[in-house]
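Here the structure is laid out as structure tokens; the discussion comes afterwards.
What's counted below: heavy atoms across the whole structure, side chains too, no hydrogens, waters or symmetry copies.
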Amino acid sequence: MRILKNANYDYASYDVSETNGYTKWYDWNIVKKHIRIIYIIITIVLVIVAFSYRQLLRDMADIPTLIFIILGGIVFWLLIITPIHEILHLIPLSKGMLDNKCVITVGHGTVSAIYNGYINLPQHLISLILPFAVFLVLLGLGAIFTTGVIKIVFLYLLILSFFGSYTDIYMFFYSMKHIGKNDIIFGLYKKKFDKSQFVGNREI
């Protein structure tokens, strides 16, 4: 696994282009528009919920403690949860190998996982939902079996984790609609699977 700045998929090395029969399976402008709308809706809902339960939060922790939880949670999310989140994306794609085809790219205020290899639809869907599922279980159990300030910490980390995953959840359903079960996928390109074309280390 490699960590690179502003990396992109290695389309050229894998002969992935529209001239070779590949097509783009999503329009980034449409996806970006939908994601922005979802972000606004989620933010409004969270603000309303936080305002509605403000007294309960004050009863569970004082203001300095809440501020510490907010700032500390953001740091923990950026330094711990986010890297693990991206690695979890790569595990289904690489079938657990995490070799040089696996890239964590950092740049423009984002951290993303890139897999430079052919994958199928089940791999892609599992990759999208796995980080959300793992942190939902771990942080959710933590919130259920704790009380007081510790419960607030787990709930806050769960909210941050959801903010880091809502685009993955959206793409999960978007992918099911726009990718066929017999398609191979490489980045934003797809092509109907023809096993004779993918042999050796390129076979999926």
Report summary line: OH of Y9 to OH of Y189, rounded to nearest 0.5 Å, is 12.5 Å
Report task. Please examine the side chains of R2 and I104, heavy atoms only from C-beta on, and report whether any two atoms are closer than 4.5 Å. Result -> no
Report task. Report yes if some heavy atom in the side chain of S161 is under 4.5 Å from a heavy atom in the side chain of L139; otherwise report no. Result -> yes
**Report entry** Beyond-backbone contact of T43 with F163, side-chain heavy atoms, under 4.5 angstrom
**Finding:** yes
Query raised in the report: Using the ring of each side chain (for Trp, its six-membered ring), is Y166 parallel, tilted or perpendicular to F162, with breaks at 30° and 60°?
Result: tilted
Query raised in the report: Between T19 and S17, what is the shortest heavy-atom contact and its length?
Result: OG1-OG, 2.8 Å
Query - Transitive ILVMFWY side-chain link L155 to V49, under 4.5 Å - result: no
Query raised in the report: Would the Y174 and Y170 ring centres measure less than 6.0 Å apart?
Result: yes
Query raised in the report: Do the side chains of L138 and I169 join up, straight or via other hydrophobic residues, at under 4.5 Å, putting them in one cluster?
Result: yes
Report task. Apply side-chain contact (heavy atoms from CB on, under 4.5 Å) to S175 and W25, showing your working. Result -> CA-CA 8 Å; S175 299; W25 61 271; 3.5 Å; yes
Query raised in the report: What is the distance from atom CG of L141 to atom CG of L136, rounded to the nearest 0.5 Å?
Result: 8.5 Å
Query raised in the report: Can V103 and M1 be said to form a side-chain contact (heavy atoms from CB on, under 4.5 Å), step by step?
Result: CA-CA 6 Å; V103 178; M1 185 177 69; over 6 Å; no
Report summary line: Rounding to 0.5 Å, atoms CG (L125) and CZ (F173) come to a distance of 10.0 Å
**Report entry** Atom CG of L4: over 12 foreign heavy atoms under 6.0 Å
**Finding:** yes
Query raised in the report: Taking C-beta and beyond as the side chain, do D99 and C102 meet within less than 4.5 Å on heavy atoms?
Result: yes
**Report entry** Verdict with reasoning, Y11 to N116, per side-chain contact (heavy atoms from CB on, under 4.5 Å)
**Finding:** CA-CA 8 Å; Y11 294 114; N116 283 309; over 6 Å; no
**Report entry** Backbone of Q123 reached by a side-chain donor or acceptor of S127 within 3.5 Å
**Finding:** no
Requested in this report: Specify the closest pair of heavy atoms between Y156 and I70, including all atoms of both residues, with the distance to one decimal.
Outcome: OH-O, 3.1 Å
Requested in this report: Mind checking the NZ-CG spacing from K190 to N182? Nearest 0.5 Å is all I need.
Outcome: 11.5 Å
Query raised in the report: When the ring centroid of W77 is compared with that of H85, is the distance short of 6.0 Å?
Result: no
Report summary line: In this structure, OG1 of T82 is separated from CD of E86 (nearest 0.5 Å) by 7.0 Å
Query - Residue pair I152 / I69: nearest heavy atoms and the distance that separates them - result: CG2-CD1, 4.0 Å
Query raised in the report: So K181 and N120, side-chain contact (heavy atoms from CB on, under 4.5 Å) or not? Walk me through it.
Result: CA-CA 8 Å; K181 63 180 181 179; N120 55 36; over 6 Å; no
**Report entry** Test item: H34 and I30 side chains (from C-beta on) under 4.5 Å apart, heavy atoms
**Finding:** yes
**Report entry** Near-ring test F186/Y22, centroid separation under 6.0 angstrom
**Finding:** no
Requested in this report: Decide whether W28 and I114 are clustered together by the hydrophobic rule: side chain heavy atoms of Ile, Leu, Val, Met, Phe, Trp, Tyr closer than 4.5 Å, transitively.
Outcome: yes
Query raised in the report: Would you call E18 and T23 a side-chain contact if the rule is heavy atoms closer than 4.5 Å?
Result: no
Query raised in the report: Does any N or O in the side chain of T110 come within less than 3.5 Å of the main-chain N or O of G107, such that one atom is a donor and the other an acceptor?
Result: yes
Query - ILVMFWY network linking L93 to I126, side-chain heavy atoms under 4.5 angstrom - result: no
**Report entry** Nearest-0.5 Å distance that lies between atom CZ in F145 and atom CD1 in I150
**Finding:** 16.0 Å
Query raised in the report: Tell me, do L90 and Y115 make a side-chain contact under 4.5 Å, heavy atoms counted?
Result: yes
Requested in this report: Decide yes or no for I144 and F154: does some side-chain heavy atom of the first lie under 4.5 Å from some side-chain heavy atom of the second?
Outcome: no
Query raised in the report: Are L130 and M97 linked, directly or through other ILVMFWY residues, by side chains that come within less than 4.5 angstrom of each other?
Result: no
Query raised in the report: Does K191 use its side chain to pair, donor to acceptor, with the backbone of N20 at less than 3.5 Å?
Result: yes
Requested in this report: Could you tell me whether a side-chain N or O of K101 sits under 3.5 Å from a main-chain N or O of G117, the two making a donor and an acceptor?
Outcome: no
Report summary line: H89 and D168 have their tightest heavy-atom pair at NE2-OD2, 3.1 Å
